[in-house]
Amino acid sequence: MAADKLPTRAQDFSAWYNEIVSRAELAEHSPVRGCMVIRPNGYGIWELMQQALDRMFKETGHQNAYFPLFIPQSFITKEASHVEGFAPELAVVTVGGGKELEEPLVVRPTSETIIYSMYAKWVQSYRDLPILLNQWANVVRWEMRTRLFLRTMEFLWQEGHTAHETEKEAEEETLKMLGVYRTFAESYMAMPVLTGVKTDSERFAGALRTYAIEALMQDNKALQAGTSHNLGQNFAKAFELQFQNRSGELEFAWNTSWGVSTRLIGGLIMTHSDDAGLVVPPKLASTQLVIVPIFKTDAEQLTVMETAEHVFQELKAAGIRVKLDDRDSLSPGAKFFDWEMKGVPLRMELGPKDVQNNSVVIVPRILLETEEQPKPGKKQKLFIARPALKERILELLEKLQTQLFQNALARREANSIRNVTDYGEMTQLVERDAGFIYAGWCGSAECEAKVKEETKATIRVIPFPEFQSASKPSHCLVCGNSSKQEVVWAKAY
RNA sequence: CGGGGCGUGGCUCAGCCUGGUAGAGCACCUGGUUCGGGACCAGGGGGUCGGAGGUUCAAAUCCUCUCGCCCCGACCA
């Protein structure tokens, strides 16, 4: 019977996460320390993420391009705070073709420098602006401690890089793309996020301002899921990205950059999955429905498989990503466990009884509150008549997507503590992993550093108005001076 | 880089202390019986024990060196 269970989230969250990544065959460690091999199940999620995001980028006027992996070392050093920020985590190539290189090449940790050096060649006039490009690429950052998807030395991402005529336009772009990330997180990943500004200490190296989307994982640690930077004219100045403005004067362009990475897959896992395994929202599931045929005799096998094949074709034609599990080496029960571990949103059980009744049994991966509730301790099983099948499946996929978001939102809200005014209380909250802690802040880096030092919690974000508490905090949680703004504290990945 | 642990069929691990020439479970292959929540029986394939050196008649086991990995502490999407 109960063979080979996952460690539970309550027992050991980190072991639970690792086991899911491994058993759902999402990824594994490569022979090189800190790098990962993304297996088809994991890459399938990434491909669907890419498709959705790429469409959204195009809809907002961006085009894709590709810039090289190698960056001259001197480029990185041109923007002062950029070097400082990235120097410790650079991989540098010093030998090529058996010869020592005249100038070492940095393996891109991000591409601002090479991209803006090229933009400088392309721009003369305000008429050449804006430039709105994105690239899908891999980047390398020499990390000390790695976790699959959450932090690896090489990861896949997308980086948007734009150049604008005015500061206002750049700021609008930065916020627009943050909005795109938020929409993507909420409606595709079913992952609620806070939006807001990063403090100076968490700002991107070289940016004027960094905005982020922040999500709360099931262990109540925060995950920075995407960032959008207003770079001001910092890189334009470093790379002489200038244009002649409408009154004929030479001016530096205004840049933005924004990115999300394969880290999102880690966020997806830690947002929805449970002690039975991975849970993937329908919009990102490379298999949305799996058909498990059930039969005893040869005669039953014949009719069941025939029906299964019909159903398969019907759903496929309806645009549903469906799979027919015709493996004959596993019992149906074993297949149930297998697909639950892999997070497939809907399972169809199809046996002789169903064929006879001209219906099917659907078992959703998570409990759907909108459907008939199961008896206590039982799985939710929905009996669906064949004639209504296609419509019902599409409806259930949609409901499951919605339910996931609502569950995650309810969990985040239940683990958001507002109006914390006492530092001792805050310490205790952090200690017992209470979640997002809202409190006042005087704006000083000292207070921020003190909390990080003493509790390991950091300011995740200075939230946008929509996320702020009804009553504004009056004093800084740490020093007691008057509060400049409300901030959200949490331990983070 | 500091502390802890580990390298034995594809995977998880036993054997090492008390040297005698490699074993279990899972997975895999073949055949049969099974199949509505992790099937069973029978047969079978596969490792020279991270690497190098040493001690010994004999090394997975003892000694030396070495490489690699994992976990915990200082950076980060």
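Only a predicted model underlies this, so the values are computations on that prediction, with no experimental measurement involved. By convention in this document, chain letters (A, B, ...) are assigned in the order of the sequence lines, proteins followed by strands, and residues within each chain are numbered from 1.
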Under-4.0 Å side-chain N/O to phosphate OP1/OP2 contact, A/Ser331 with B/C35: no
Phosphate OP1/OP2 of B/A74: any A/Lys456 side-chain N/O under 4.0 Å: yes
Please determine whether a side-chain nitrogen of the Lys or Arg among [X] and [Y] lies less than 4.0 Å from a carboxylate oxygen of the Asp or Glu.
X: A/Asp338; Y: A/Lys335; result: no
X: A/Lys198; Y: A/Glu214; result: yes
X: A/Lys78; Y: A/Glu112; result: no

How is [X] classified with respect to the nucleic acid when contacts are heavy atoms under 4.0 Å: base, sugar-phosphate, or nothing?
X: A/Asp328; result: nothing
X: A/Gln158; result: nothing
X: A/Thr152; result: base
X: A/Val292; result: nothing
X: A/Gly351; result: base
X: A/Lys335; result: nothing

With a 3.5 Å limit on both atom pairs, tell me what [N] is paired to, counting Watson-Crick and G-U wobble, or say none.
N: B/G20; result: B/C57
N: B/C75; result: none
N: B/G68; result: B/C6
N: B/G38; result: none
N: B/G45; result: none
N: B/G25; result: B/C11

Rounded distance (Å) that lies between atom [atom2] of [N] and atom [atom1] of [X]:
X: A/Leu90; N: B/C75; atom1: CG; atom2: C1'; answer: 13 Å
X: A/Tyr211; N: B/A77; atom1: OH; atom2: P; answer: 17 Å
X: A/Arg460; N: B/A77; atom1: CZ; atom2: C1'; answer: 11 Å
X: A/Met36; N: B/A77; atom1: CE; atom2: P; answer: 16 Å
X: A/Lys375; N: B/G37; atom1: NZ; atom2: C1'; answer: 17 Å
X: A/Lys353; N: B/G36; atom1: NZ; atom2: P; answer: 10 Å
X: A/Met191; N: B/A77; atom1: CE; atom2: C1'; answer: 12 Å
X: A/Asp275; N: B/G38; atom1: CG; atom2: P; answer: 20 Å

pi-stack flag for A/Phe155 and B/A77, centroid dist under 5.5 Å, interplanar under 30°: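 Yes, A/Phe155 stacks on the base of B/A77.
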A/Phe337 aromatic ring stacked with six-membered ring of B/G38, 5.5 Å and 30°: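 Yes, A/Phe337 stacks on the base of B/G38.
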Just compare [options] and give me whichever is closest to any side-chain atom of [X].
X: A/Lys5; options: B/G38, B/G36, B/C35; value: B/G38
X: A/Arg347; options: B/G36, B/A77, B/G37; value: B/G37
X: A/Arg33; options: B/A77, B/C69, B/G37; value: B/C69
X: A/Met144; options: B/G37, B/A77, B/A74; value: B/A74
X: A/Ser261; options: B/G37, B/A77, B/G36; value: B/A77

Taking atom [atom1] in both [N] and [M], what distance in whole Å separates the two?
N: B/G4; M: B/G45; atom1: C1'; answer: 39 Å
N: B/C62; M: B/G47; atom1: C1'; answer: 23 Å
N: B/C75; M: B/C11; atom1: P; answer: 36 Å
N: B/U33; M: B/G37; atom1: P; answer: 22 Å
N: B/C67; M: B/G23; atom1: C1'; answer: 27 Å
N: B/G9; M: B/U56; atom1: C1'; answer: 29 Å
N: B/G46; M: B/A59; atom1: P; answer: 24 Å

Option passing ring pair (Phe, Tyr, Trp, His ring centres under 6.0 Å) with A/Phe239 (candidates A/Tyr119, A/Tyr116, A/Phe75):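 Going through the options one by one, the only one that passes is A/Phe75.
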Comparing A/Tyr493 and A/Ala334 on RNA chain B - which has the more 5′ nearest nucleotide: A/Ala334
Toward the 5' end of RNA chain B, by each residue's nearest nucleotide, A/Glu89 or A/Glu349: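 So the residue in question is A/Glu349.
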Working for salt bridge (Lys or Arg N to Asp or Glu O under 4.0 Å), residues A/Glu202 and A/Lys452: CA-CA 12 Å; A/Glu202 300 262 328; A/Lys452 185 174 182 182; 5.0 Å; no
A/Arg108 and A/Asn138 side chains, donor-acceptor separation under 3.5 Å: yes
Side-chain donor-acceptor pair present, A/Arg460, A/Thr458, cut-off under 3.5 Å: yes
Check: A/Asp338 side chain, B/G38 base, donor-acceptor under 3.5 Å: no
Heavy-atom donor-acceptor pair, A/Glu300 side-chain to B/G36 base, under 3.5 Å: no
Full working for ring-ring contact (aromatic ring centres under 6.0 Å, His included) between A/Phe57 and A/Trp258: CA-CA 11 Å; A/Phe57 296 157; A/Trp258 26 274; 5.2 Å; yes
